[in-house]
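Lettering of chains follows the sequences in order, A, B, ..., and the numbering in each one begins at 1.
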Amino acid sequence: MTAVKKVPFHLTNTLTRKKEEFVPSDPPHVGLYVCGPTVYSDVHLGNVRTFTSFDVLYRWLTHIGYNVRYVRNITDVGHLLGDAADGEDRISKGARAEQLEPMEVVQKYTNGFHAVMRLFNNLDPSIEPTATGHLLEQVEMVQRILKSGFAYESNGSVYFDVPKYAEKHGYGGLSGRKIDELLANTRGTEGQDEKRSPLDFAIWKNAEPEHLMKWNSPWGVGFPGWHLECSVMSTKYLGSTFDIHGGGMDLKFPHHECEIAQSVAADGQVPVRYWMHTNMLTVNGRKMSKSEGNGFTPEELISGDHKLLDRGYSPMTVRFFMLQCHYASTLDFSNEALQAAEKGLSRLMAATDLLPNLRPAASSEVDVAALEQRCYDAMNDDLNTPVMIAELFEGVRIINSVNDGKLSLDQEGIDQLSRLFEAMVFDVLGLMREGAGAASDRVLDGLVKEFIHMRAEAKASRDFATSDRIRDRLLELGIQLNDTKEGTTWNKV
RNA sequence: GGUCACGUGGCCGAGUGGCUAGGCAGAGGUCUGCAAAACCUCGUACAGCGGUUCGACUCCGCUCGUGACCUCCA
């Protein structure tokens, strides 16, 4: 048996816009940082897509033998709502609207976020730091940036001096921006008189009296700039230069650009070796976003209680739907696509469940190793889950054919295929079996078996009217009967 | 306006300079008392117009269309 080549992994580094071989700086350790949610409202499906993509990255790196430290933050300090600096941020606004303490808002939506992550079977990160838990470190980073001369204090706030930094180190490399173009496109300059350049961004912001979340600092009462927390927490836990930093495409500029500038200004180190950006989930071709209000919450998705949903879909259907598309492509959400995914997933799972019952042949007509190799190749090629899933469906065909006695597979081949499916379907893609199967509900199983028995008797006496009535009635109740050579089986539909 | 993507068969979505993606739906077939499931076969798709090439869906240019970022967003 030829050995399957499980490495090297390649990923598209958005810093270079090229697919590169992934070589960790300190193997087998890998440092992975992903920008987490701002917890001022419910997460929607677009957020879920991003975190699911990185969940698969985390699972894959782990699967091919790396020891991954996965850091994903919780942004629990509100960002200002606009440049107008009216002293209000999203969390404060939410707190006022819901008559809650800001930290109650934070807790509420953090809990909700965790519940959603679990619902979609996303693994917990190794560390989940919060911005409020790292105030001291953020103040210290501001001080280091001030000391390096790339920031200035103005009226109780501290701003990052973008033009000065750009002159020395260059700015905009990640997102492909040029300083002149950025300046030419600057809009809305009112309320920015504290800044020397409209491109400058706050790394510490003076708090208005009505601002709810604020802390003492060397520059007065205020709160940290919103790019700062990621710079602080990523480097604190992963080192001044770490392997992979991920996030949604919409964070590329300015958020990630600013992170790079801050780290270089503060510590003289380029913080990230590989940047990975996931694309957006769209609805009718438009980005799903909180501000557009076109997002579904997971509850609405499962219940189907939303004007754009024909009916509900299970979390695993949605996860599978997402993984049938490459992370770097936009994915358009539609009922038809969801329904297709639902059926495909059910076929994949049905075949997976057949694996333990396959009867081995003396010889094998199938090259399972080749299939396995194609799965590894697909995943190592920039996490190409759609191609890997396509290979899995080749496996489904094999499993069903063997089950039908149309193809022979020896015990070794069955074992190898079982291991492959176990690894890819459950460990790597992170899919789970859903719903009550026959084995999980003894009463139901007993009742259905009794009906199957009655129907068999009716069939034996060629009373097909009765046997069909039993089958049709059960189907109406969501129980599908399947006649096979070995007898009748059932499953929920 | 600037920058950058994308436009694949009924739908969703991979991919590649010449060789089958895959899923769902549809058609025909095998099996079955009939179904369901499963398996087999099928559609010759790559926005349009030029160019490069022996050959382009894949490279280049233009046109049209859509979207993202430039402001909080995954």
Side-chain angles (χ1 to χ4, degrees), chain A residues 17 34-38 40-41 43-54 75 78-84 89-90 172 175-178 180-182 184-188 226 246-255 277-282 285-292 295 320-321 324-326 328-345 347-348 350-351 354 378 381 384-394 396-397 399-401 403-407 459 462-464 467-468 471-472 475 480-485 488-491 493:
Chain A
R17 293 172 187 78
V34 174
C35 288
T38 304
Y40 66 91
S41 66
V43 290
H44 62 244
L45 228 48
N47 304 301
V48 173
R49 184 191 180 197
T50 294
F51 298 123
T52 300
S53 296
F54 287 109
T75 298
H79 305 152
L80 280 181
L81 282 172
D83 282 332
D89 66 52
R90 289 184 184 282
S175 55
R177 315 280 154 144
K178 294 190 173 59
D180 318 348
E181 289 166 0
L182 285 171
N185 290 314
T186 304
R187 44 166 133 149
W226 74 281
M249 293 247 301
D250 49 357
L251 295 183
K252 222 169 163 183
F253 188 89
H255 186 57
H277 288 97
T278 57
N279 217 321
M280 300 293 107
L281 182 68
T282 60
R286 301 243 165 210
K287 175 185 173 185
M288 184 181 283
S289 73
K290 292 184 180 178
S291 47
E292 291 244 355
F320 184 69
F321 163 69
Q324 273 191 298
C325 169
H326 187 80
S329 301
T330 55
L331 172 61
D332 197 59
F333 185 97
S334 71
N335 283 285
E336 274 181 304
L338 259 306
Q339 279 158 28
E342 187 176 72
K343 291 212 173 175
L345 175 63
R347 201 158 81 87
L348 176 65
L354 280 176
D381 183 15
N384 200 330
T385 51
V387 168
M388 194 271 264
I389 289 171
E391 298 298 348
L392 248 25
F393 275 106
E394 170 69 11
V396 166
R397 210 202 83 238
I399 292 165
N400 286 327
S401 294
N403 187 241
D404 286 353
K406 292 170 179 164
L407 198 64
K459 279 171 68 173
R462 301 196 67 79
D463 178 6
F464 295 122
S467 74
D468 287 355
R471 184 178 62 201
D472 296 344
L475 186 59
Q480 168 85 57
L481 300 186
N482 310 298
D483 295 336
T484 70
K485 289 189 287 290
T488 302
T489 63
W490 70 275
N491 56 275
V493 290

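- Here the closest non-hydrogen pair linking A:F321 and A:A337 is CE1-CB, 3.5 Å.
- For B:G15, one of the phosphate oxygens OP1 or OP2 lies less than 4.0 angstrom from a side-chain nitrogen or oxygen of A:N384.
- Among the nucleotides B:G33, B:G67, B:A74, the one closest to any side-chain atom of A:R286 is B:G67.
- A donor-acceptor pair under 3.5 Å links the side-chain atoms of A:N384 to the main chain of A:V387, judged by distance alone.
- A:S401 comes within 4.0 angstrom of sugar-phosphate atoms only, judged by non-hydrogen atoms across all strands, and of no base.
- Annotation: side chain of A:Y40 is not in contact with side chain of A:D89 (no heavy-atom distance under 4.5 Å).
- Within the nucleic acid shown, A:G36 comes within 4.0 Å of sugar-phosphate atoms alone, with no base atom in reach, counting heavy atoms only.
- Side-chain atoms of A:T278 and A:R49, non-hydrogen and from C-beta on, never get closer than 4.5 Å to each other.
- The shortest distance between side-chain heavy atoms of A:C35 and A:L251 falls below 4.5 Å.
- Atom name P, nucleotides B:A5 and B:G43: the rounded distance is 35 Å, in whole Å.
- Going from atom CZ of A:R397 over to atom P of B:U30 covers 20 Å, rounded to whole Å.
- Side-chain N/O atoms of A:D468 and base N/O atoms of B:G33 include a donor-acceptor pair closer than 3.5 Å.
- Of all nucleotides listed (B:C11, B:C69, B:A38), B:C69 comes nearest to the side chain of A:F253.
- Distances from the side chain of A:P254 to the nucleotides B:C70, B:C12, B:A74 place B:C70 closest.
- Looking at heavy-atom distances under 4.0 Å, A:K459 makes contact with a base.
- Among the atoms of the strands shown, only primed sugar atoms or phosphate atoms (P, OP1, OP2) are found under 4.0 Å from some heavy atom of A:D332.
- Nucleotides B:U53 and B:U66 place their P atoms 35 Å apart, quoted to the nearest Å.
- Classification of the A:H255-A:W226 ring pair by plane angle, with boundaries at 30° and 60°, yields parallel.
- B:U16 sits 12 Å from B:C59 when the C1' atoms are compared, rounded to a whole Å.
- B:A25 and B:C12 have their C1' atoms separated by 11 Å, given to the nearest Å.
- Taking atom OH on A:Y40 and atom C1' on B:A74, their separation rounds to 11 Å, with Å as the unit.
- Residue A:L281 is classed as a base contact, given a heavy-atom separation below 4.0 Å to a base.
- Going from the C1' atom of B:U32 to that of B:G22 covers 29 Å, rounded to whole Å.
- At a threshold of 4.0 angstrom between heavy atoms, the contacts of A:M249 with the nucleic acid are absent.
- The partner of B:A37, taking Watson-Crick or G-U wobble pairs whose two distances both stay under 3.5 Å, does not exist in any strand shown.
- Crowding of A:R462 atom CZ: a count of heavy atoms from other residues, nucleotides or ligands under 6.0 Å not exceeding 12.
- Counting non-hydrogen atoms under 4.0 angstrom, A:G46 reaches a base of the nucleic acid.
- Checking B:C72, B:A36, B:A74 against every side-chain atom of A:H44, the shortest atom distance belongs to B:A74.
- Between the side chain of A:N335 and the base of B:C12, no donor-acceptor pair under 3.5 Å is found.
- Side-chain atoms of A:R49 and base atoms of B:A74 include no donor and acceptor less than 3.5 Å apart.
- The CE atom of A:M280 sits 10 Å away from the P atom of B:A68 (whole-angstrom rounding).
- One cannot find a donor-acceptor pair under 3.5 Å joining the base of B:C70 and the side-chain atoms of A:R177.
- In this structure, the nucleotide among B:C34, B:C73, B:G15 sitting nearest to the side chain of A:D250 is B:C73.
- Where stacking is scored as ring centres under 5.5 Å apart with planes under 30°, A:F464 registers as stacked on the base of B:G33.
- Remark: P of B:C24 and CG of A:L348 are 10 Å apart, rounded to the nearest angstrom.
- Among the nucleotides B:G22, B:A35, B:C73, the one closest to the side chain of A:R471 is B:A35.
- Figure legend. B:G67 is base-paired to B:C4; pairs are counted as Watson-Crick or G-U wobble with both atom distances under 3.5 Å.
- When both distances must be under 3.5 Å, the Watson-Crick or G-U wobble mate of B:G9 does not exist.
- Comparing atom distances between the A:E181 side chain and each of B:A25, B:A74, B:G2 picks out B:G2 as nearest.
- Proximity of A:N400 to A:R347: side-chain heavy atoms (C-beta onward) are separated by under 4.5 Å at one or more points.
- Residue A:N47 has a polar side-chain atom (N or O) positioned under 4.0 Å from OP1 or OP2 of B:A74.
- Using a 4.0 Å heavy-atom criterion, one finds that A:A390 contacts the bases of the nucleic acid, with or without backbone contacts as well.
- Interatomic distance, CD of A:Q324 versus CG of A:L345, reported as 8.5 Å (0.5 Å rounding).
- B:A47 and B:A14 have their P atoms separated by 15 Å, with the value rounded to a whole Å.
- Taking 4.0 angstrom as the limit, A:S329 places a side-chain polar atom (N or O) nearer than this to OP1 or OP2 of B:A14.
- Atoms NE2 (A:H255) and P (B:U71) sit 15 Å apart, rounded to a whole Å.
- A:N279 places its CG atom 14 Å from the C1' atom of B:C73, with the value rounded to the nearest Å.
- Under the Watson-Crick and G-U wobble criteria, each requiring two contacts below 3.5 Å, nucleotide B:U16 is left unpaired.
- Residue A:R347 places at least one side-chain N or O closer than 4.0 Å to OP1 or OP2 of B:C24.
- Within 4.0 Å of A:D483, counting heavy atoms only, lies at least one base atom of the nucleic acid.
- Separating the C1' atom of B:A21 from that of B:C73 is a span of 34 Å, rounded to the nearest Å.
- Closest to the side chain of A:K406, out of B:A38, B:G13, B:G33, is B:A38.
- Base pairing of B:U53: no nucleotide in any strand meets the Watson-Crick or G-U wobble criterion (both distances under 3.5 Å).
- At least one donor-acceptor pair closer than 3.5 Å links the side chain of A:T282 to the backbone N or O of A:L331.
- Rounded to an integer number of Å, the gap from CZ of A:R17 to C1' of B:A5 is 11 Å.
- The residue among A:I389 and A:K343 whose nearest nucleotide of RNA chain B is located toward the 5' end is A:I389.
- Computed from coordinates, the A:L338 CG to B:G13 C1' distance equals 14 Å when rounded to whole Å.
- Residue side chain A:K287 reaches the base of B:C73 through a donor-acceptor N/O pair under 3.5 Å, judged by distance alone.
- When the C1' atom is used for both B:U20 and B:C40, the distance is 15 Å, rounded to whole Å.
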